[in-house]
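When reading the values below, keep in mind they use all heavy atoms of this one structure, side chains included, and skip hydrogens, waters and symmetry mates. Sequence lines set the chain letters: A, B, ... in the order given, protein chains first and strands last, and positions in each chain run from 1.
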There are 2 protein chains.
Amino acid sequence: MKNLNLHIEISPELYSKNPDSSDLGRKIISKSIELIDELGFEGFTFKKLGIAINSPESSIYRYFESKHALLVYLTSWYWTWTEYRLVFAMSNVDSPEERLRKALEILTQPVTIDNSVSHVNEVLLSEIVFSESLKSYHTTKVDEENKRGAFNSYKAAVRRVSDIVLEVSPDCKQPHMLISTVIEGAHQQKYFAEHLPSLTDQTDEKNSITTFYTDLVFRFLET
Amino acid sequence: MKNLNLHIEISPELYSKNPDSSDLGRKIISKSIELIDELGFEGFTFKKLGIAINSPESSIYRYFESKHALLVYLTSWYWTWTEYRLVFAMSNVDSPEERLRKALEILTQPVTIDNSVSHVNEVLLSEIVFSESLKSYHTTKVDEENKRGAFNSYKAAVRRVSDIVLEVSPDCKQPHMLISTVIEGAHQQKYFAEHLPSLTDQTDEKNSITTFYTDLVFRFLET
DNA sequence: GCAAATACGATAGTAATACTATTAATATCG
DNA sequence: CGATATTAATAGTATTACTATCGTATTTGC
């Protein structure tokens with residue numbers, strides 16, 4: 001993907017003060033990505049982040065009301081950005097099959113090259129989304145946060161790819177189930193490969209997870 | 001499934017004192033299942049459990065060194081018990097296809113009838129496993145706990161069903177990936193149906209999740 | 001260019017959580 | 001009946017996730 005230098009806008013519902021509007025805000029975003037990747041979301045605290053950026057905890061709370069709100073912001077950023085990646089990858093590809101194949105690649109592979117000039121390290125962010133994004137919606141407050149639009153960009157990405165599924169197979173009855181299964185499955189299989197290998201099937205092949213889920217989808221859609 | 005009154009044994013690595021060896025221990029198990037189901041795992045604390053069973057926190061710590069250890073115990077209990085369910089359901093079924101179909105039902109449907117005479121409410125426990133079991137292995141200490149055998153019964157269940165997959169399709173290259181995708185997917189889709197319905201495909205049909213994953217598996221294995 | 005708003009830093013404090021430690025009462029078992 | 005293990009009762013600790021206050025710096029609007 002070429003460096004389009006596009007600007008990702010996040011709904012004001014998802015922050016207290018826009019982190020994109022100040023130096024401190026951008027430092028919060030970039031350093032939190034590094035720290036969450038390094039410590040995991042549980043080990044990450046605003047206190048540690050404050051020390052890392054030389055600002056008190058209380059200043060961070062001006063931007064995000066909780067560390068969970070920050071995770072929601074980050075995953076939302078990722079999915080908004082990923083929608084752009086999807087749109088870009090689809091352009092000038094006429095065959096629905098080819099578009100679906102390309103979309104599945106985007107959904108199932110972590111990002112490897114940081115093309116961004118911004119404060120967001122997309123490689124690390126995609127790592128975080130793969131390993132921690134579950135925690136953004138798996139809470140007791142899901143319903144409330146969902147109403148505030150916390151998961152809109154994720155849902156939009158699922159819908160977009162589901163629509164391609166329907167182009168390939170107009171009779172498919174469960175396109176959303178299929179795509180959300182693929183996304184979450186790919187995230188989990190990567191984790192399993194690293195920590196619980198007997199739950200997956202390790203191969204030397206580089207993109208075995210993408211291959212598996214691509215096969216799964218296309219065989220499911222065959223008539 | 002008939003009431004076999006079978007005794008589930010859990011590896012001593014997974015508790016400090018066997019909760020099955022005393023009244024207090026059994027009360028800890030049965031009440032914790034109710035409380036985790038009611039409050040969610042985050043909202044659940046040993047303090048609340050202590051109040052509910054009229055015992056101090058410190059007594060509970062004699063049985064489990066942490067609330068996470070208790071969750072690991074509970075999921076381990078569930079998967080050991082589910083292996084028995086699998087074995088029982090497979091007996092006298094000759095066709096590998098039928099066995100696989102039956103196994104997928106067991107893996108993708110929450111339990112609805114509590115046949116047990118024991119202190120374990122299997123209906124609630126299966127709810128907990130569906131919604132919280134992710135948290136048992138998604139921690140920074142996975143590797144350590146995995147070495148201690150914390151996930152052996154889960155892995156055994158996956159292996160068992162993967163073996164049936166191989167009977168149906170000896171050439172299948174990713175049976176474990178397929179089955180763990182199905183299990184985790186079914187858990188998630190149930191959650192999505194309740195909280196994020198646009199990530200799934202709601203139907204009036206009762207077992208739509210089981211139907212979907214059964215189709216997914218059999219279409220994947222078709223040659 | 002100057003007041004007014006805003007942002008930030010510095011510091012302190014709080015309630016809850018996840019444990020740990022200690023001691024005394026009680027039940028169990030040979 | 002005496003030794004041993006088990007549990008109750010209580011207290012205490014470090015950490016976490018926030019909240020509150022206040023003075024100073026910085027920007028902004030006119």
note = Whether each nucleotide of nucleotides 14-29 of chain D has a protein heavy atom under 4.0 Å at its base (B), only at its sugar-phosphate (S) or at neither (-) is summarised, 5' to 3', as ---SBBB---------
query = Excluding sequence neighbours, so at least two apart, what forms ring-ring contact (aromatic ring centres under 6.0 Å, His included) with Phe220(B)?
reply = Phe212(A)
query = Of all residues at least two apart in sequence or in a different chain, which pass the ring-ring contact (aromatic ring centres under 6.0 Å, His included) check with Tyr213(B)?
reply = none
Please give, in whole Å, the distance from [N] [atom2] to [X] [atom1]?
X        : N       : atom1 : atom2 : value
Phe64(B) : dT17(C) : CZ    : P     : 21 Å
Asp23(A) : dG9(C)  : CG    : C1'   : 16 Å
Leu24(A) : dA10(C) : CG    : P     : 12 Å
Tyr63(B) : dT7(D)  : OH    : C1'   : 8 Å
Lys17(A) : dC8(C)  : NZ    : C1'   : 10 Å
Leu49(B) : dA16(C) : CG    : P     : 19 Å
Asn54(A) : dA10(C) : CG    : C1'   : 13 Å
Ile28(B) : dT6(D)  : CD1   : P     : 13 Å

request  = Just grab all the ring pair (Phe, Tyr, Trp, His ring centres under 6.0 Å) pairs involving residues 44-64 of chain A, residues at least two apart or on different chains.
outcome  = Phe46(A)-Tyr61(A), Phe64(A)-Tyr73(A)
key: Pairs meeting criterion ring pair (Phe, Tyr, Trp, His ring centres under 6.0 Å) with involvement of residues 134-155 of chain B, two or more places apart   = Tyr191(A)-His138(B), Phe192(A)-Tyr137(B), Trp79(B)-Tyr154(B)
Residues which pass side-chain hydrogen bond (donor to acceptor under 3.5 Å, both in side chains) with [X], listed by chain and number, not counting sequence neighbours:
X         : result
Glu205(A) : Thr211(A)
Ser32(B)  : none
Thr210(B) : Thr108(B), Gln109(B)

ask   = Taking side chain as C-beta onward, heavy atoms only, is Ser131(B) less than 4.5 Å from His187(B)?
value = no
message = Whether Glu144(B) and Lys141(B) form a salt bridge (side-chain N of Lys/Arg under 4.0 Å from carboxylate O of Asp/Glu) is what I want to check.
response = no
message = So if I take the C1' atoms of five pairs at each end of the helix from dG1(C)-dC30(D) to dG30(C)-dC1(D) and get each local axis, what angle do the two axes make, rounded to 10 degrees?
response = 20°
inquiry  = Suppose the criterion is salt bridge (Lys or Arg N to Asp or Glu O under 4.0 Å): which pairs have a residue in residues 179-193 of chain B, not counting sequence neighbours?
reply    = Glu127(B)-Lys190(B), Lys190(B)-Glu194(B)
Pick out the pairs of N or O atoms, protein on one side and nucleotides 24-30 of chain C on the other, that lie under 3.5 Å.
none

inquiry  = By the side-chain hydrogen bond (donor to acceptor under 3.5 Å, both in side chains) test, which pairs, at least two apart or in different chains, include something from residues 37-60 of chain B?
reply    = Glu42(B)-Lys135(B)
